[in-house]
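Below: the structure, in structure tokens.
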Protein chains: 2
Amino acid sequence: MTEQLTQPKPATPPRKASPTRLKILQVAASLFADRGFSGVGVNEIGEATGLGRGALYYHISSKEDLLYDITTAYMSDLIADGKAILDSEVDPIIRTQKLSRALMMTISEHLSEMTVCFREIHALTAERRRAVLSLHSDYQAIWSQSLSDGLAKGQFRPIPSTVLKGLLGMYFYSFLWLDPRGPQNAADIGDAFAEVVLRAVRV
Amino acid sequence: MTEQLTQPKPATPPRKASPTRLKILQVAASLFADRGFSGVGVNEIGEATGLGRGALYYHISSKEDLLYDITTAYMSDLIADGKAILDSEVDPIIRTQKLSRALMMTISEHLSEMTVCFREIHALTAERRRAVLSLHSDYQAIWSQSLSDGLAKGQFRPIPSTVLKGLLGMYFYSFLWLDPRGPQNAADIGDAFAEVVLRAVRV
DNA sequence: TATTGGGGTGACCGATCGGTACATTAAAGA
DNA sequence: TCTTTAATGTACCGATCGGTCACCCCAATA
């Protein structure tokens, strides 16, 4: 017993944002986007990063943790960016254009991660699924707020929440056909979608 | 050798549309929608249908076959219905409304199957994935045709194909938030979405 | 030189994976 | 009654699953 005067377990906290960890997150996102969370094994993630299973688990705590971090990372960015736009731009129309472009650019630039974020929520356990759905709901609230402001200014008409969900689905579903190297770049698509939204909500 | 005068292997074709098989398809669709194709085991499908693995494999040929049949069944219906609307209705605006309602009603009435159809394509092997994507493309062609007709009649403006993909994504992504027993029924949502589409494409 | 500790290896754990083989049951037809 | 056949249960196959474990390597420090 007395030899436990040294720390009984240092627990070795593996530095939340170590470069190796970021690499793992990135590789895993790409694999999950390709074949789904349950379709990818941990040894496969290890191989793709050049790590054995032991080394892999030195950097992550579980496979599901990996999924959770992937799904939350860029969704949080999206919310932060959205709030910044809400604060810095007051004109409802320009606001909509800025939100639209920001959304499409984020999806396009982090296509694997966003694909996982939109498509693999069901693989999370109940508690974490709730947390991610709450983030989605927070993001929708930003658009909802923006549309309400336009309504208050007399520029927009009221729309049911299902229509807002539909309009956002227009963006969210784009991970299936979006080609980041395609002829139309993300900014152009974002502008085209903004026009659809504006035509839908303008008086 | 001579005793093989009887069929060397009757192969027992398990009646493509046996009631048991339909039940399996239905149960599997629900499970896949809940936890994803790779997240559900075949024994679990057996348990949910009250069948052992042996009995299950008497009705299906492989787990992937199951997925393929689920993804194609109602997508084919959607295409058939869409073509019928294209043939029977010439007014572009009413056509759009009818296509919109039919789509939302099918999604709502077969939510599990459509969820699998929109979300689990990646779990199919290359050949079958191509086949399913081809069905999706066929369905998009119906809307595209309808919009072209409206353009020829001078009622619609031309839109880029990415906008059409986006508008369809509005419907396709609804599997995530749609509640078939919710306050707004599918027909109402279909009408609301039709208005969004019409506002987007009208001159 | 001795000690420490971050980072990594590879064997191993029990459980489950998709799929098959085969015996069995029940009903129908001869 | 005897044979066929649709339908099912069960034991089993090799492979892989997510995760853990004891051990090791090596650079920095004392």
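Letters A, B, ... are given to chains in the order of the sequence lines, protein chains preceding strands, and every chain is numbered from 1.
Remark: C1' of C:dC17 and CG of B:Leu56 are 14 Å apart, rounded to the nearest angstrom. For B:Ile60 and C:dT20, the CD1 to C1' distance is 13 Å, given to the nearest whole Å. In this structure, A:Glu64 places its CD atom 18 Å from P of D:dC17, rounding to the nearest Å. Distance, A:Tyr57 OH to C:dC12 P: 19 Å, rounded to whole Å. The separation between B:Tyr68 atom OH and C:dG18 atom P is 21 Å, rounded to whole Å. Residue A:Glu47 contributes atom CD, which lies 12 Å from atom P of C:dG10 at whole-angstrom precision. Rounded to whole angstrom, the span from the CG atom of A:Asp65 across to the P atom of D:dG18 amounts to 14 Å.
Note on A:Thr20: nothing from the nucleic acid sits closer than 4.0 angstrom, heavy atoms only. Residue A:Gly41 is in sugar-phosphate contact alone, with no base atom involved, counting any heavy-atom pair closer than 4.0 Å across all strands shown.
With respect to the salt-bridge test (charged N to carboxylate O, under 4.0 angstrom), the residues A:Arg128 and A:Asp69 do not qualify.
Looking at the side chain of A:His59, the nearest of the listed nucleotides C:dG8, D:dA7, D:dG18 is C:dG8. The listed nucleotides are C:dG18, C:dG7, D:dA7; the one nearest the side chain of A:Tyr58 is C:dG7. Distances were taken from every side-chain heavy atom of B:Lys63 (C-beta onward) to each of D:dG9, D:dG18, C:dG18; the shortest belongs to C:dG18.
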- Task: Determine, step by step, whether B:Arg101 and B:Glu89 satisfy the salt bridge (Lys or Arg N to Asp or Glu O under 4.0 Å) criterion, reporting the C-alpha distance in whole Å, the side-chain angles of both residues, the deciding distance to 0.1 Å, and the verdict.
- Result: CA-CA 14 Å; B:Arg101 282 181 81 131; B:Glu89 179 61 56; over 6 Å; no

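At the phosphate of D:dC17, OP1 or OP2 sits under 4.0 Å from a side-chain N or O atom of A:Asn43.
No side-chain N or O of B:Thr71 forms a donor-acceptor pair with one of B:Glu120 less than 3.5 Å apart. Side chain to side chain, A:Gln145 and A:Asp149 meet the donor-acceptor criterion of an N or O pair below 3.5 Å.
In this structure, the separation between CD1 on A:Ile45 and CD1 on A:Ile60 is 6.5 Å, given to the nearest 0.5 Å.
Ranked by how close their nearest DNA chain D nucleotide is to the 5' end, B:Gly54 and A:Phe37 are led by B:Gly54.
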